[in-house]
Amino acid sequence: MRENGFQDRTKVLLGTVDDVPAVPPLDAATLFGVLHHVPGDEAKRTILCALAVCLKPGAPLILALRRDRVSVAQPSRLLS
């Protein structure tokens, strides 16, 4: 981030979804390599919904999934 000049407008949060403050709402969020560690669709949905509450309306949530490690046939099902 520093190399590209983003350090003044970027905040990295390390922890669980419960550690993400809902206020002020986030401009965007990423979730990389996480969902395949979470057992069951309902637990995955809970994490995604909790993170969605922290985002500004229309803000992107960027997911990186390993299709061979996610327990659902269609990850888009989690967003419905």
Side-chain angles (χ1 to χ4, degrees):
M1 289 185 303
R2 189 173 305 123
E3 186 176 302
N4 291 301
F6 297 132
Q7 73 276 4
D8 293 336
R9 58 186 180 141
T10 304
K11 183 174 183 179
V12 175
L13 302 172
L14 181 60
T16 69
V17 173
D18 296 331
D19 298 326
V20 177
V23 177
L26 303 175
D27 294 322
T30 60
L31 197 60
F32 292 160
V34 173
L35 290 182
H36 68 273
H37 294 288
V38 179
D41 287 354
E42 191 57 38
K44 290 175 177 68
R45 187 177 291 105
T46 298
I47 288 173
L48 292 172
C49 288
L51 193 51
V53 172
C54 299
L55 293 169
K56 288 180 180 177
L61 170 58
I62 303 162
L63 300 174
L65 305 172
R66 287 187 55 185
R67 290 181 67 80
D68 62 321
R69 302 298 274 305
V70 175
S71 64
V72 293
Q74 296 175 352
S76 61
R77 281 186 10 213
L78 295 173
L79 301 176
S80 58

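Under the side chain to side chain contact (heavy atoms under 4.5 Å, CB included) criterion, L55 pairs with L26, A29, A59, L61, not counting sequence neighbours. Considering only residues two or more places apart in sequence or on other chains, T30 meets the side chain to side chain contact (heavy atoms under 4.5 Å, CB included) condition with F32, I62.
Minimum heavy-atom separation, R2 to Q7: CA-OE1, 3.2 Å.
The CG atom of D41 sits 10.5 Å away from the OG1 atom of T46 when rounded to the nearest 0.5 Å. Taking CG of L63 as the reference point, atom NZ of K44 lies at 12.0 Å (rounded to 0.5 Å).
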Legend entry - From CA spacing to verdict: side chain to side chain contact (heavy atoms under 4.5 Å, CB included), L31, L48: CA-CA 9 Å; L31 197 60; L48 292 172; 4.0 Å; yes
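Residue pairs that meet the salt bridge (charged side-chain N to carboxylate O under 4.0 Å, His left out) test with at least one member in residues 53-63, sequence neighbours left out, are D27-K56.
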